[in-house]
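Just below is one structure, and these are the notes that go with it.
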Amino acid sequence: MFWRSVVGKLWFTFLLLVSVVLSILMVLLLQSFERFHVHEAESQLVNHANMIATMFEEYDSQQDAFYTIEQYGQAFDTHVIILVEGEKAWSTDEAEAHQVALDTFFTDETLSQVFSGEQVVMTEGDFVFIGNGEEVLSEIMIVGVPLSPNRYQDGAVFLYQSLSAIEAASNETKQIIYFSAGIALVLTTIFAFFLSTRINAPLRKMREVALEVAQGKFDTKVPIVTHDEIGHLAIAFNKMGRELNNNIHALNQEKEQLSRILGSMADGVITINKKGRVVLTNPPAERFIQSWYYEKGLSQGEDEQLPATMKQLFEKVVLLEKEQVTEVEMQGRSWTVLMTPLYDRQEIRGAVAVFRDMTEERRHDKLRKDFIANVSHELRTPISMLQGYSEAIIDDIAGSDEEKKEIAKIIYDESLRMGRLVNELLDIARMEAGHVELNVETVELQPFAERIVWKFHGLAREQKIDLDLDMKDVSRIQCDPDRIEQVLTNLLHNAIRHTSEHGRVKLVIHEYDEGFKFDVIDTGSGIPEEDLPYVFERFYKADKARTRERGGTGLGLAIAKHIVEAHEGTISVHSKINEGTTFSFYLPK
């Protein structure tokens, strides 16, 4: 992990760079110092040789000259050999075990040149030392200075010195250079870590701030401690955070606005991805999906597939890349579906479907069409009978008084029937106009319900139907007793009328903290699913034949709905064919 960090990379880069530079400098310095030491040693030996040659030539007494030369040579730790006429005149090697072989000075190509003129010669290398009957090679530096040819024939002064002294100086120089290089590497490391830390600390802080920004803390800022590139980066990062915060805020506002719009829409909206999965819904669309789950007998979330009609429409939209329209019938409600493709640049990424509940429009259309037919149907029969029996009286078809009374009784019954129809039409018109007058009283619910149920025991026995009352620990209720009795009478009468022999009708009353719930349950023929939305409409009849014996005016349930709503309650129906029907209404306390 260290080598992957900025500190490690910078340290390694600096160290590598300094090491390469120091290595090159060390090689150059070592070579330079080595040449310098050799040159200095040669210069010193040449100077010493010239001095010794001068002393040898200037002294009158050779003994004095040799003595001075010996002292001089000991002072500078050099070895001296004086050759005159090819013979050794004097040397400092007399007391040493090994001496340089004399023929070396004559056979060596460089050293032998000193005898040919006034040229000073210098050389270094491995030369033969003779002593105790054996030859030894030793690395030395030799300098030769010729003597005056006027006084000495083939004369020269040779000084030689071991190269170990030069190597010692070179080694000391190397140690100094190596030590300096080590100090440079240490200082480089310290400087690299210091610089890396100065660079890495703001970067670490930026990383921490970036992680906080990733967690949604957009107000976090990077401290600006320098005004270099890193400081400019921190300024840019803070600006990016502000812009990101503003953009996220704007997106949240747009999202909330879109959510509010979708939630307040009367139409349902569903967004579908390219795999056909539901991504987004609003409440009306959710109700549509729930209705589909209920119709298929599935629990919410058990199957994520779209309804078959929707799936086919989605496949068609994806295939044709055009919006499509269809109508779907679901749980007695009619939906118009408009589906449009969604694009990601050039590719379809899904679709959006808009659901419009057309049930009310269809219902209103049906009511407008059925109203005239229903009123005409209800009035045609009694008017026809009134007309027919009136003509019978006029034409004296009824001969006896008894027949005339019977005809008059029929005319009277039909006129009462027409009166009831007109009164009920007037009642429902007043209710729909909001002119419902309620005489609210405090009613003991148990005797009130028992009295209403008792009225229908005779009718239930005649049709061999069991009529029951189920309620426990009910208290008083604030309501208009006549209106509520009208509602219960209508519901119980309908339940008994549409229940076959040996069936069962039951009135169930439950009391809750907020109000009372009344359920009229029967085991009758049930109501078709397509008729459920119209049960509480005017002139609705479960008996399509509309026979006079079993059919009423078709206004009872509409009136019951308005009475319940006038009490600020709600009424509903649940039914299945050949299983029974349950009418429920709820009255708040």
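Just so you know, these numbers use all the heavy atoms, side chains as well, and skip hydrogens, waters and symmetry mates.
For the atom pair I496 CD1 and H457 NE2, the distance stands at 9.0 Å (nearest 0.5 Å). Taking CG of L469 as the reference point, atom CE of M471 lies at 4.5 Å (rounded to 0.5 Å). For the atom pair CG (L319) and CZ (F314), the distance works out to 11.5 Å, reported to the nearest 0.5 Å. For the atom pair CZ (R504) and CG (D466), the distance works out to 7.0 Å, reported to the nearest 0.5 Å. For the atom pair CZ (F456) and CG (L467), the distance works out to 8.5 Å, reported to the nearest 0.5 Å. Considering CD of Q486 and CG of L491, their distance stands at 10.5 Å, rounded to 0.5 Å.
When atom types are taken as modelled, the side chain of T499 and the backbone of I465 share no donor-acceptor pair closer than 3.5 angstrom. Under a 3.5 Å cut-off, the side chain of D531 and the backbone N or O of I527 do not form any donor-acceptor pair. The closest donor-acceptor contact from the side chain of D470 to the backbone of V508 lies at 3.5 Å or more, if one exists at all. Between the side chain of T442 and the backbone N or O of Q478, no donor-acceptor pair lies under 3.5 Å. Proximity of a side-chain donor or acceptor of S259 to a complementary backbone N or O of K255 within less than 3.5 Å is not detected. Side chain of N282 to backbone of V269: a donor-acceptor contact under 3.5 angstrom is found. For K464 (side chain) and G503 (main-chain N/O), no donor-acceptor pair under 3.5 Å exists by modelled atom type. Remark: side-chain polar atoms of N246 are paired, donor with acceptor, to backbone N or O of R242 under 3.5 angstrom. Of the possible polar contacts, one joining the N273 side chain to the R277 backbone as a donor-acceptor pair under 3.5 Å is found. Put simply, the side chain of D522 gets close to the backbone of G524: a donor and an acceptor are under 3.5 Å apart.
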Query raised in the report: Would Y343 and R349 satisfy side-chain contact (heavy atoms from CB on, under 4.5 Å), going step by step from the backbone distance to the final call?
Result: CA-CA 5 Å; Y343 290 92; R349 63 180 178 86; 5.9 Å; no
**Report entry** Step-by-step side-chain contact (heavy atoms from CB on, under 4.5 Å) determination, T570 to F585
**Finding:** CA-CA 5 Å; T570 57; F585 67 93; over 6 Å; no
Requested in this report: With side chain to side chain donor-acceptor pair (under 3.5 Å) as the test, would you mind laying out the steps for S584 and D519 before giving the verdict?
Outcome: CA-CA 4 Å; S584 304; D519 293 317; 2.4 Å; yes
Query raised in the report: Given the rule in the side-chain contact (heavy atoms from CB on, under 4.5 Å) test, do V325 and T336 qualify, once you have shown the distances and angles that lead to the verdict?
Result: CA-CA 7 Å; V325 181; T336 298; 4.1 Å; yes
Requested in this report: Start with the C-alpha gap between R497 and N494, add the side-chain angles, then the distance that decides, and say whether side chain to side chain donor-acceptor pair (under 3.5 Å) holds.
Outcome: CA-CA 5 Å; R497 189 172 57 186; N494 286 342; 2.7 Å; yes
Query raised in the report: Checking side-chain contact (heavy atoms from CB on, under 4.5 Å) for the pair T271/V278: CA distance, chi angles, key distance, verdict?
Result: CA-CA 6 Å; T271 303; V278 176; over 6 Å; no
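K239 and E243 are not joined by a salt bridge, as no carboxylate oxygen comes within less than 4.0 angstrom of a charged side-chain nitrogen. Using a 4.0 Å cut-off between a side-chain N of Lys or Arg and a carboxylate O of Asp or Glu, R356 and D267 qualify as a salt bridge. A salt bridge is absent between E511 and K517; no separation between the charged side-chain nitrogens and carboxylate oxygens falls under 4.0 Å. Salt bridge absent: K316 and E323 never bring a charged side-chain N and a carboxylate O closer than 4.0 Å.
Nearest heavy-atom pair, S475 versus L445, reported as atom, atom and distance to 0.1 Å: O-CB, 3.2 Å. Here the closest non-hydrogen pair linking Y412 and S415 is O-OG, 2.6 Å. Taking every heavy atom of both residues into account, M339 and A351 meet most closely at CG-CB, 3.9 Å. Of all non-hydrogen atoms in L320 and Q324, the two that sit nearest each other are CD1-NE2, 3.6 Å. G569 approaches P588 most closely through the heavy-atom pair CA-CD, 3.9 Å. Considering all non-hydrogen atoms of both residues, G580 and S575 come closest at O-OG, 3.3 Å.
Residues K561 and V535 form no side-chain contact, since every pair of their non-hydrogen atoms from C-beta on lies 4.5 Å or further apart. Taking 4.5 Å as the limit, every side-chain heavy atom of N252 sits out of range of all side-chain heavy atoms of E256. At a threshold of 4.5 Å between non-hydrogen side-chain atoms, the residues I484 and H567 count as touching. Counting heavy atoms from C-beta on, the side chains of I559 and N490 never come closer than 4.5 Å. Counting heavy atoms from C-beta on, the side chains of E514 and Y586 come closer than 4.5 Å. Residues T340 and V317 fail the side-chain proximity criterion, which asks for heavy atoms closer than 4.5 Å. Looking at heavy atoms from C-beta onward, H510 lies out of side-chain contact with F516 at the 4.5 angstrom threshold. Considering only heavy atoms from C-beta on, V505 stays 4.5 Å or farther from D468 through its side chain.
The number of heavy atoms from other shown groups lying within 6.0 Å of CZ (R451) is above 12. Shown here is Q253, whose CD atom has more than 12 heavy atoms of other residues, nucleotides or ligands within 6.0 Å. Crowding of K455 atom NZ: a count of heavy atoms from other residues, nucleotides or ligands under 6.0 Å exceeding 12.
For the side-chain contact (heavy atoms from CB on, under 4.5 Å) test with I452, the passing option among L488, V487, L507 is L488; the others fail.
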